[in-house]
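In what follows, every chain begins at residue 1, and chains take the letters A, B, ... in the order their sequences are listed.
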Amino acid sequence: MTDIHLPTTSIRITDEAAAAKRARMDLISSVVRYALLFGVGFLMLYPLIWLVGASFKTNSEIFSGAGFLPQSPTVEGYVQGWQTSTPYTFGRFFWNSFLIILPKVIGTAISCTMVAYAFARFDFPFKKILFGSVIAVLLLPNVVTRIPQYILFRDLGWLDSFLPLWVPSALAGDAFFVFMLVQFLRSLPTDMEEAARVDGANSLQTLVFIVVPMLGPALVSVCLFQFMWTMNDFLGPLIYISSVDKYPVSLALKLSIDTTEAFEWNRILAMSVLTITPALVVFFAAQRYFIEGISAGGRKG
Amino acid sequence: MAQVQLKNLEKTYNNTNKVVHGLNLDVHDGEFMVLVGPSGCAKSTTLRMIAGLEEITAGDIIIGGQRVNDLSPSKRQIAMVFQNYALYPHMKVRGNLSFGLRIAGRPKAEIAAAVDNVAAILEIEPLLDRLPKQLSGGQAQRVALGRALIKNPGVFLFDEPLSNLDAKLRASMRVRITDLHRQLKADGSSPTVVYVTHDQTEAMTMGDRICVMQAGHIMQVATPKELYNAPANLFVAGFIGTPEMNLIDGAMEGGEFVMGGQRLALGGELHGRLSNQPNQAVLGIRPQQFSLVSEGPALRAKLVNAEFMGHEVYMHTDCEGHRLISVVGAAEFEARAESDVVRLRPDPKTIHIFDKSDGRNVSLHGGSSIAA
Amino acid sequence: MAQVQLKNLEKTYNNTNKVVHGLNLDVHDGEFMVLVGPSGCAKSTTLRMIAGLEEITAGDIIIGGQRVNDLSPSKRQIAMVFQNYALYPHMKVRGNLSFGLRIAGRPKAEIAAAVDNVAAILEIEPLLDRLPKQLSGGQAQRVALGRALIKNPGVFLFDEPLSNLDAKLRASMRVRITDLHRQLKADGSSPTVVYVTHDQTEAMTMGDRICVMQAGHIMQVATPKELYNAPANLFVAGFIGTPEMNLIDGAMEGGEFVMGGQRLALGGELHGRLSNQPNQAVLGIRPQQFSLVSEGPALRAKLVNAEFMGHEVYMHTDCEGHRLISVVGAAEFEARAESDVVRLRPDPKTIHIFDKSDGRNVSLHGGSSIAA
Amino acid sequence: AELRMSWWGGESRHVATQKAIAACGAKYGHTIKGEFTGFDGYLEKLTTQMAGKTEADIVQVNWPWLPLFSKDGTGFADLRTLKGIDLSNWTEADLNSGSTNGVLQGLSVSTSGRVFFFNTTTLEKAGVAVPKTWDEFFQMTKTVKEKLGPDYYTLNAVKETAHLLMVLVITQATGKDMVDPKTNRVAWTPEELATGIGFLGKLVETGAIRSQKQEAADGNVNLFEKPAWAEGKIAGSYEWDSTYSKYADPLKEGQVLKPVPMLTMANGVTEGVFRKPSMVFSISKNSKNPEAAAQITNCLLNEPEGIDILGTSRGIPASKAAMARLANTGEPEVRAANDIVMKASGPTISPFNENPVIRGIIIDTLEEYAYEQIDEMEAAEQIIEGVNDALKKFD
Amino acid sequence: MRSQRFLGYAYLAPYLIGLVIFTAIPFLSSLYLSFTSYDLMSSPRWTGLSNYQKLFTRDRTFEKSLSVTLIYVFSTVPLKLAFALFIAAILNYKLKFINFFRTAFYVPSILGGSIAIAVLWRYLFSTEGLVNMAIATLGFGPVDWFGDPTNALFTITLLRCWQFGSAMVIFLAALQSIDKSLYEAASIDGAGKVTTFFFVTLPLLTPVIFFNLVMQMVQAFQEFNGPYIITQGGPLKSTYLLPLYIYEEAFKKFNMGYASAIAWVLFAIIMVLTLVAFWSSKKWVYYAGDKRS
Ligand SMILES: Nc1ncnc2c1ncn2[C@@H]1O[C@H](COP(=O)(O)OP(=O)(O)OP(=O)(O)O)[C@@H](O)[C@H]1O
Ligand SMILES: Nc1ncnc2c1ncn2[C@@H]1O[C@H](COP(=O)(O)OP(=O)(O)OP(=O)(O)O)[C@@H](O)[C@H]1O
Ligand SMILES: [Mg+2]
Ligand SMILES: [Mg+2]
């Protein structure tokens with residue numbers, strides 16, 4: 001693809017028709033490209049725009065159409081939504097989400113790295129079967145494992161705590177990440193690790209000082225994915241957490257939605273906006289690493 | 001004391017793929033030993049077994065008198081320089097150099113001193129605060145060298161450390177490494193070096209001795225001069241020397257070597273040297289050992305191509321369907337008869353005759369050298 | 001008719017970074033032109049402009065008489081061989097070779113014939129059904145060559161096609177390519193070649209003419225012999241020749257060259273050649289032009305290192321703090337006095353004197369050759 | 001004692017209930033922890049908890065769920081055996097609907113029923129009176145369509161509402177609930193059922209309601225979210241009495257929504273009101289302290305502390321004490337609607353009417369009918385067969 | 001060396017513990033439950049194969065649901081992948097604001113199951129919604145996106161295609177790792193953009209296409225939120241995907257045993273398809289291996 005240049009990269013315009021034609025083609029193609037980008041981008045972004053707009057609408061206006069500009073903007077939704085119907089403000093729920101996400105993300109990163117390291121760098125009996133199990137776990141609809149799992153956590157006495165949310169992840173329960181990291185590791189050369197071993201590092205030191213830094217980009221994407229998924233996860237906290245003071249935002253967001261009663265949409269939309277914001281910010285900030293991160297992992301499929 | 005001994009060393013990959021077939025090799029203390037051979041001949045595998053990066057299937061490795069088969073790499077008193085340097089990409093040069101010492105928990109001051117010392121030797125002080133990706137190939141090479149050096153190991157292992165450099169840099173790093181080895185020896189630390197390469201120029205210029213390998217077997221272990229002048233077999237003969245030795249299939253008939261329609265009378269001197277007179281033989285002549293003559297016993301060949309190399313010319317000629325290469329001085333080449341057919345007379349003193357059946361060099365009586 | 005002409009060719013990256021500064025070069029029809037120069041001197045950029053892969057900032061490129069500035073690569077009658085071969089990794093060798101023809105919608109029979117023909121020329125018939133990853137470096141190289149060849153283009157463009165091969169393969173591919181060029185020429189198709197390399201051995205042995213570049217400028221365009229014997233300036237002198245020409249800073253005083261404590265009397269013959277007598281001068285002597293002498297005017301130097309290269313030895317010596325390299329025959333080297341100090345006498349006929357201020361070779365009167 | 005209580009709800013219910021349990025807790029020296037969420041997911045959570053025997057001591061249960069959690073009266077604590085609950089506050093009917101297999105499993109918190117709301121502003125605009133009978137209703141529909149335009153509708157019925165409308169007209173015609181309590185089988189004959197289904201067809205034909213398909217095409221939007229509703233282009237609906245404000249609030253300025261007495265059928269047997277406990281409070285059989293839970297439940301439902309604070313956050317209470325105490329508080333229109341429900345006649349409604357399996361069968365069949373995959377008679381037979389099948393499990 | 005065997009297990013330990021405790025038990029108990037009748041409130045009763053018998057012989061809903069699911073998967077996955085690839089190809093150019101666009105295009109995936117989506121989606125696709133308005137300007141009649149059983153599934157498919165972010169990001173990353181000189185070689189060979197895309201780019205992407213294919217297929221087979229939020233499986237069960245069916249059997253009808261049986265059948269189907277994908281991949285996925293070129 002030789003035409004990755006913007007028309008601004010200088011072509012000395014000669015009087016030749018060919019050059020002019022080429023310039024015109026370049027212009028057309030980048031116009032088309034931008035038009036496409038903006039068009040599709042608008043489709044992608046419209047819901048977000050609408051959501052933000054609607055969060056400033058009054059309740060009755062929300063359902064009057066799909067336009068996004070509020071007629072009489074109000075921040076009532078935010079003010080009331082923040083208060084919530086509980087003794088706690090929404091800030092508390094953000095804090096809870098944070099409390100769930102942080103250990104979970106850290107646990108995921110650590111355990112999945114270890115496990116991926118084991119699969120990618122060591123040989124041991126039953127390796128293939130065990131790796132197969134990583135994928136198999138992805139395939140069973142979790143609706144049917146929910147009750148047995150719940151009973152398990154009940155017997156462990158972990159109900160109404162964050163443990164059921166933390167521990168399985170901290171034990172590399174998220175097969176997707178293991179899978180991703182294994183692929184990534186397989187594409188990394190082993191030389192640095194061998195150099196480290198010659199340098200006197202044991203396998204753990206090699207993992208910590210050499211492999212982890214090189215895994216960096218992939219780990220960033222693991223953390224990002226886990227962050228976003230945990231932020232959005234509704235059913236997990238719903239089932240395991242009973243105390244309102246431990247609710248994360250995903251739960252709090254639906255706290256007052258009773259389909260048999262009237263409820264205030266603009267508050268919910270306002271809080272939805274707040275809930276999405278961290279993920280948006282984080283994604284935008286980490287976008288570069290994110291794409292790099294999957295790059296090596298995705299390459300080998 | 002860090003000699004390295006390999007005893008009946010074997011390696012089988014995946015229980016089926018035997019790639020090292022019982023190597024026996026003694027590398028003396030302080031010696032610079034080069035392992036050379038074509039790609040895939042198991043040089044790296046051997047080196048990595050010495051390093052402890054690859055399991056030993058059978059046999060023993062003894063370093064400094066101690067059997068190390070079951071020791072981890074870090075306990076073997078070795079340091080290794082990798083082909084692609086294997087610098088830790090996330091650490092600065094300083095961090096790369098000091099990693100081993102930090103792992104070992106040495107005091108800070110000692111580490112700093114060691115880094116400075118090594119950096120000074122390799123002239124990489126200005127680079128200490130750069131990341132590997134900010135280094136050129138040659139610089140990265142020196143850092144990799146420094147990382148080995150700083151451990152002050154008994155044995156240095158190199159796996160094609162120069163193959164990623166361009167020709168000019170390769171030449172200068174070559175000299176640098178041998179200089180360094182000499183200097184360390186002079187300082188009394190007598191480090192043993194096992195150096196893997198597939199480039200025979202490196203092998204010839206760097207090694208105290210060279211071990212030529214093929215397909216997991218050792219073909220010959222000797223000094224560069226011996227290898228060059230007295231290759232033990234066809235393989236070594238063909239492998240060592242630039243351009244390659246000319247190897248011509250033919251037959252011995254009486255005192256003459258017969259190839260196609262031409263006959264080459266071999267001097268009586270050569271006859272004396274032959275340990276046996278094989279029927280099917282291969283004649284080996286180095287390109288440098290031809291002279292352009294206008295008469296007398298010589299091979300007639302057609303000039304196909306001439307490569308101008310400054311003071312010399314590589315003449316590619318066709319002799320009875322064999323490609324013969326000869327190296328002649330530029331002046332000599334210019335002065336040759338205009339004709340496309342040249343007469344090449346080999347120097348009978350340095351001709352080799354190989355038994356075609358087993359490749360042995362039969363012109364070395366009893367293995368003694370035919371040193372020039 | 002496919003001569004290639006560059007007229008005031010310029011290239012500026014991102015509107016700021018000017019890397020090609022008005023090149024003028026005529027490559028004749030059927031000529032093998034090598035562009036050589038250190039890394040980053042814009043060889044690739046120039047080649048890619050010829051290929052149409054890079055836009056031209058200013059100037060013109062004319063191929064076969066037609067201005068091609070605005071033609072797409074496929075319309076320029078060119079074929080290109082890339083450094084990393086750029087074989088389509090998912091296509092078999094056959095597919096790689098025939099891709100261009102298939103795209104063009106040629107009849108099947110024609111394609112098959114063309115593939116067979118090219119495969120025969122390059123001896124890659126057995127590889128036709130392999131994937132690129134199943135090829136060795138040399139084989140991949142030949143396939144890449146085949147892909148260019150099959151187009152039967154007017155101009156072949158090569159961008160360091162051999163730099164990923166090991167020394168032995170590089171040498172044999174080198175010969176193969178020049179052979180091929182000669183053969184095509186003999187067949188009457190007279191393909192023009194523009195060949196980029198940073199390896200001067202390649203440049204010297206392959207090129208009909210060589211264009212030496214530095215930092216986007218042309219330093220000299222000449223035949224290999226001219227370049228070797230009559231480098232126009234310091235840059236070319238240092239760049240061409242293995243080992244490098246020894247370049248020694250000093251001053252001209254009367255008829256003598258003064259460096260440190262030593263003086264070297266230059267024969268009257270040289271004096272005659274000098275176009276001017278610069279005060280600050282650089283003396284250029286090729287390593288091959290020293291002889292080991294025991295008396296008479298010579299440079300005294302301390303032997304530091306000797307690299308054994310078969311028939312020759314590279315002596316690295318230290319002369320007044322300058323590193324001097326000389327190449328002497330192995331026999332000559334063996335026979336030298338045991339002492340560490342050697343006396344090196346340069347051949348006055350081939351000495352070069354460069355004006356230190358502008359680097360010009362002042363020992364070529366009027367640019368005429370001092371051919372050996 | 002330490003107790004837990006779980007419920008679903010919206011804003012006001014959460015606030016009120018938290019206060020109420022605090023007050024009742026203080027009264028009896030218990031601490032009660034509220035566990036509450038929105039409606040979405042509450043069933044999953046409760047189910048999981050029930051399966052894990054970890055449900056809260058006091059549980060708010062949707063009435064139709066009772067047979068699911070307590071098929072044979074053993075799912076929850078038997079409330080009759082617990083001291084501290086004044087059962088005299090409930091009518092026998094209420095207690096019956098809270099029982100399975102004769103065991104009292106849940107206390108009706110409020111009674112709720114479907115009632116007609118009409119947008120009187122729209123009707124006035126069309127110059128028609130609020131209808132009292134179905135005949136008047138069809139007449140009115142015709143007038144509205146003529147006067148105001150074809151995009152005006154006079155009723156809204158999708159899914160559940162359509163189902164309940166059908167139940168309504170069949171009950172009105174036959175006087176029978178769907179399930180015969182004695183046989184535990186469908187009481188209606190196929191013909192009766194077919195007539196009811198046909199009635200829905202007639203509603204569509206006459207343009208009173210939009211067809212199922214049209215509704216689906218718009219994404220099955222809730223009535224109160226429809227701009228047409230807000231603008232008064234849908235003149236009526238058939239909804240739970242307690243949801244009055246949900247439907248009244250979105251109406252555009254100046255429009256009036258009124259609960260209206262049941263429309264009657266010319267030769268109907270009864271008004272056929274669909275009346276049921278909206279939700280019940282149950283006490284966990286796994287509770288460590290069921291007596292304390294009973295005390296609190298009683299406090300919430302029957303004692304002034306609870307009654308005052310909870311108010312009408314769960315609808316007009318079913319408890320007599322609460323009803324008396326709250327007399328005329330609450331929104332007048334909601335009260336009016338509730339009055340209509342309480343006063344109307346009709347047979348006792350079986351919780352099976354809202355059993356998820358049975359409802360699923362009916363709604364699916366009605367959908368097939370609406371999409372003209374089957375006719376009334378086929379639909380009726382399909383429903384009867386399916387429902388009887390489902391009922392068998394509860395024999 | 002030899003101790004590596006145990007070392008491997010040491011690093012695997014978290015997974016092994018998790019596997020045994022948190023995964024294997026629920027996994028196997030659901031398998032066990034599939035052979036029982038279990039209403040969640042009383043203990044499961046062993047019924048042998050009867051769940052499976054019913055499933056394969058008498059359950060019309062399962063039949064319908066399975067066929068809907070298969071249609072859904074085989075339409076959504078290719079569409080979504082094609083769309084993701086198309087967008088990734090555009091985003092692969094070095095354009096101004098490209099980072100902004102990359103983020104913007106990922107937004108739908110971040111929004112995930114937000115309730116705003118359901119609301120808005122209904123607006124967009126209702127009879128008089130924006131989509132129909134747009135179509136009308138192109139001169140087409142309004143489409144009944146939700147109400148027509150033949151369209152409703154497609155509407156869900158569109159929703160999913162719209163959330164193409166993660167597949168796109170993976171494609172984008174792969175595109176960026178393609179050696180530019182291959183494009184140059186193709187342009188010298190005379191290939192145009194389209195030809196280059198289909199003959200060079202696409203084959204090189206097969207590993208990630210495969211990765212995405214498997215991941216998306218697994219995801220599509222487990223699709224729940226889309227139909228749950230937007231169509232509730234209707235109309236006429238035209239969007240009643242198996243996970244929805246499993247969910248309703250389990251949590252609405254309290255037939256956990258039966259739900260488990262359906263789930264295991266679904267599991268088997270995905271497993272088989274995944275294996276088929278893996279097996280067939282040998283024929284069409286080109287792996288670069290670790291060698292250059
Ligand atoms: N991990 C491995 N598993 C199986 N076979 C291997 C492995 N590593 C190397 N081999 C095989 O062992 C043989 C020797 O390989 P080795 O890398 O030692 O060769 P080498 O002499 O270093 O070659 P080169 O010059 O190309 O580096 C080769 O045939 C190779 O295919
Ligand atoms: N796409 C680009 N954008 C900006 N600068 C570039 C680009 N490509 C090359 N350059 C710069 O142009 C100069 C010439 O690069 P070029 O690749 O032509 O050198 P070269 O002679 O081929 O070097 P080498 O021997 O390393 O291949 C370098 O300074 C390089 O940094
Ligand atoms: Mg190797
Ligand atoms: Mg280049």
How many angstroms lie between [atom1] in [X] and [atom2] in [Y], if you round to the nearest 0.5 Å?
X	Y	atom1	atom2	result
D/T47	E/M256	OG1	CE	8.5 Å
E/L236	D/E368	CG	CD	6.0 Å
E/K253	D/L68	NZ	CG	11.5 Å

Taking the side chain as everything from C-beta on, heavy atoms only, tell me whether [X] gets closer than 4.5 Å to [Y].
X	Y	value
E/D144	D/K213	yes
D/K71	E/M41	no
D/V357	E/F254	no
D/K393	E/N255	yes
D/E367	E/P235	yes

Pick one of side chain, backbone, both or neither for D/K285, based on which atoms fall under 4.5 Å of a heavy atom in chain E.
neither
Let me know if D/E215 has heavy atoms under 4.5 Å from chain E in its side chain, its backbone, both or neither.
neither
Between the side chain of D/Y371 and the main-chain N/O of E/G147, is any donor-acceptor distance below 3.5 Å?
yes
Taking everything shown except D/Q373 itself, do over 12 heavy atoms lie less than 6.0 Å from its CD?
yes
Tell me, yes or no, whether the heavy-atom count around E/R45 atom CZ, taken from other residues, nucleotides or ligands under 6.0 Å, exceeds 12.
no
Go through the atoms of E/D39 and report whether side chain, backbone, both or neither lie under 4.5 Å from a heavy atom of chain D.
side chain
Does any heavy atom of chain D fall under 4.5 Å from the side chain of E/Y228, the backbone, both, or neither of them?
side chain
Counting heavy-atom pairs under 4.5 Å with chain E, the top scorer among D/T74, D/I363, D/T48, D/D364 is D/D364
Greatest number of non-hydrogen atom pairs under 4.5 angstrom with chain E, of D/A216, D/S211, D/A390, falls to D/A216
Note: E/Y38 and D/A51 closest approach over all heavy atoms is OH-CB, 4.3 Å
